[in-house]
Amino acid sequence: MSRTVVAEINPAALQHNLNRVRELAPGCPVAAVIKADGYGHGLIRVAGALSEADAFAVACIEEALQLREAGFTLPVVLLEGFFDTAELEAIARYNLTAVIHHPWQLRALEQARLATPIRVWLKMDSGMHRLGFSPQEIPAARQRLAACSSVAGPVTEMTHLACADDRADQTTTQQLARFDAVATGDCSIASSAAILGWPQARRGWLRPGIMLYGASPFVTGGGESWQLQPVMTLRSTLIAVNRRQRGDPIGYGGSWRCPEEMPVGVVAIGYGDGYPRHAQPGTPVLVNGKTVPLIGRVSMDMITVDLRSQPQAGIGDAVVLWGEGLPVETVAEHAGTIAYELLCGVTRKRVRYSETQERDNGKIL
Ligand SMILES: *Cc1c(COP(=O)(O)O)cnc(C)c1O
C-alpha cells in the first residue's frame, strides 16, 4: 500500500459557489480571485471550472502568464499591479489589467512607451492602510491616468475592506463612506466577506476568493450556513491501530496520556502535507465518516486519533481531514488559524490531487 494523501477537488462545487455569488449580487461582474495557486486548489484546474466568471484576479504576473499559457482569454487583474517596470510590456502583450496602488507605478506608466495601452484599476486606501492612494490623492491620480497614453479606457476605482469579516465592526461603514465621497465611475469593493455580509458593498466588480472554495470568511460560522459547498476534501487513511494502556504517553513530548486502555489510530497526514501543526487535541477528524478527536501532537507525516468510539476501525480505513462532512473552518479554529491558510498550505509536492467524478444522475460520488 503506497502512502495516499489526496486533495480531492470538486469542480461542480466551484461552479455552485460562483452561482451563489451571482444570486447575491445579480448583474455585477465577477473577478474570481484565484491567486496562490487557486487558494491551494490548483490554478489551472480552478480557472477551468470558473470559466463562467467575467475575469480572474491573481497576485502577480507569473500567475497571470500561467493562465494565458493555458489558453485562458478572460481579463486577468493583477491585484498588486506590477512590481517592476520591466513587467509593463508583458502586461500589454498579454492584455492584463494592472492595479495601480502607488505613485511610483503612476510615474512608471507615464514614462512607459507601450505598443498597446493597458487597462488599469486605481486603488484607494479607504482605511486598511496596506496598499493604495489616500482619498485626497485620488482625484489627481485619476486625472493623470486619464491623460496617460499608456492607459486604455476608463479606470475602475477599487478599495479593500479591512474588517468586513466581522459584521458588527463599524470600520466597514466608515471605509465605504470614505470611498463613496471620492470615487466616480466603475468601482470594485467587495471580497467574499462583503459579498456575503455587507449588501451596500455589492456593486461594481466583485472579487470573491474564499467563498468560491466553499469556506466562510467570517470569524464565526461555516460556509454551509451561506449555502456554499466545500471544494477541497483532504483525505488519507489509517496506517495503524494500536491498543494502548492507561497512562501511556502518545507522540512527541508525550504531552497527551491515555486516560484508560484504548485503541489509538495513526493517520498518514502531518504538517509535511499541510495539516496544521498547531491543531490541538480534540480537533475533529473523520474516520469512516464519523468524528473522532485528534490526540497528541501533529508530526510531520502522521497524526494520532482516539478510536474509543470506533473500536472496529482498522488499517486502510478512510479518513477525512477537512472538506465533505468536516468544514475546513472548524479545523482552522482548532489550530488557531483561518481556512485560507490551511487551503493554501497543502503541500503540492507531496499531496496527490484528484477531481471528484460526477455520476450519471449528477450526484457526486
Ligand atoms: C485576496 C483578495 C481578495 C479575495 O478575498 P477573499 O476574502 O478570499 O474573498 C479580494 N481582493 C483583494 C485585493 C485580495 O487581495
Side-chain angles (χ1 to χ4, degrees), residues 13-14 17-18 20-22 24-25 28-41 43 46-47 50 53-61 63-64 75-83 96-102 105 120-133 156-167 169 171-172 175-176 179 183 187-198 201-223 226 228 230-232 328-329 332 337-345:
L14 275 166
N17 297 333
L18 176 60
R20 285 293 295 143
V21 177
R22 301 260 190 225
L24 287 160
C28 289
V30 177
V33 181
I34 57 175
K35 61 194 181 188
D37 203 25
Y39 286 46
H41 295 62
L43 179 72
V46 166
L50 295 177
D54 303 288
F56 295 125
V58 295
C60 59
I61 194 162
E63 295 175 332
V76 177
V77 181
L78 302 170
L79 289 170
E80 285 148 54
F82 46 95
F83 294 76
L96 310 174
T97 302
V99 168
I100 304 301
H101 61 77
H102 197 274
Q105 292 177 318
V120 306
W121 287 15
L122 175 60
K123 184 158 189 174
M124 184 197 299
D125 173 13
S126 58
M128 184 162 180
H129 299 143
R130 192 176 61 178
L131 288 184
F133 292 84
T156 297
E157 293 181 14
M158 75 175 285
T159 196
H160 197 49
L161 302 170
C163 305
D165 62 337
D166 180 352
R167 290 196 290 160
D169 194 317
T171 308
T172 298
Q175 281 194 261
L176 289 173
F179 184 77
C187 72
S188 177
I189 303 168
S191 61
S192 300
I195 294 166
L196 294 167
W198 297 87
R202 288 177 199 147
R203 45 195 159 104
W205 278 95
L206 308 174
R207 306 190 307 269
I210 196 75
M211 69 179 290
L212 294 174
Y213 308 95
S216 161
F218 294 106
V219 280
T220 55
W226 300 96
L228 300 171
V231 176
M232 178 196 292
V328 64
E329 299 95 309
T337 184
I338 52 176
Y340 298 74
E341 189 182 19
L342 298 192
L343 295 173
C344 288

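Note that the structure is predicted; figures quoted are calculated from it, not measured. Numbering of ligands and ligand atoms starts at 1, following listing order. When reading the values below, keep in mind they use all heavy atoms of this one structure, side chains included, and skip hydrogens, waters and symmetry mates.
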Student: Residue by residue, ordered by chain and number, which ones reach under 4.0 Å of ligand 1 with a heavy atom?
Tutor: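 Val33, Lys35, Tyr39, Leu79, His160, Ser191, Ser192, Arg207, Pro208, Gly209, Ile210, Tyr340.
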
Student: Under 4.5 Å between any side-chain heavy atoms of Met211 and Leu196, yes or no?
Tutor: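 In contact.
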
Student: Between Leu78 and Val58, is any pair of side-chain heavy atoms under 4.5 Å apart?
Tutor: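 Contact flag for Leu78/Val58 side chains = yes.
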
Student: Listed by chain and number, what are the ring-ring contact (aromatic ring centres under 6.0 Å, His included) partners of His41, not counting sequence neighbours?
Tutor: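 In terms of ring-ring contact (aromatic ring centres under 6.0 Å, His included), with neighbours along the sequence ignored, His41 is linked to Tyr213.
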
Student: Taking Cys187's backbone N and O only, do any of them form a donor-acceptor pair with Arg203's side chain (distance below 3.5 Å, no angle check)?
Tutor: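 Not at all, since once roles are kept as given, no pair shorter than 3.5 Å links the two residues.
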
Student: Return the set of residues passing salt bridge (Lys or Arg N to Asp or Glu O under 4.0 Å) with Arg20 (not counting sequence neighbours), or none when no residue passes.
Tutor: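 Checked Arg20 against salt bridge (Lys or Arg N to Asp or Glu O under 4.0 Å); matches are Glu23.
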
Student: Kindly write out the residues that satisfy side-chain hydrogen bond (donor to acceptor under 3.5 Å, both in side chains) with Thr220, not counting sequence neighbours, or none if the list is empty.
Tutor: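 Not a single residue meets the side-chain hydrogen bond (donor to acceptor under 3.5 Å, both in side chains) criterion with Thr220.
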
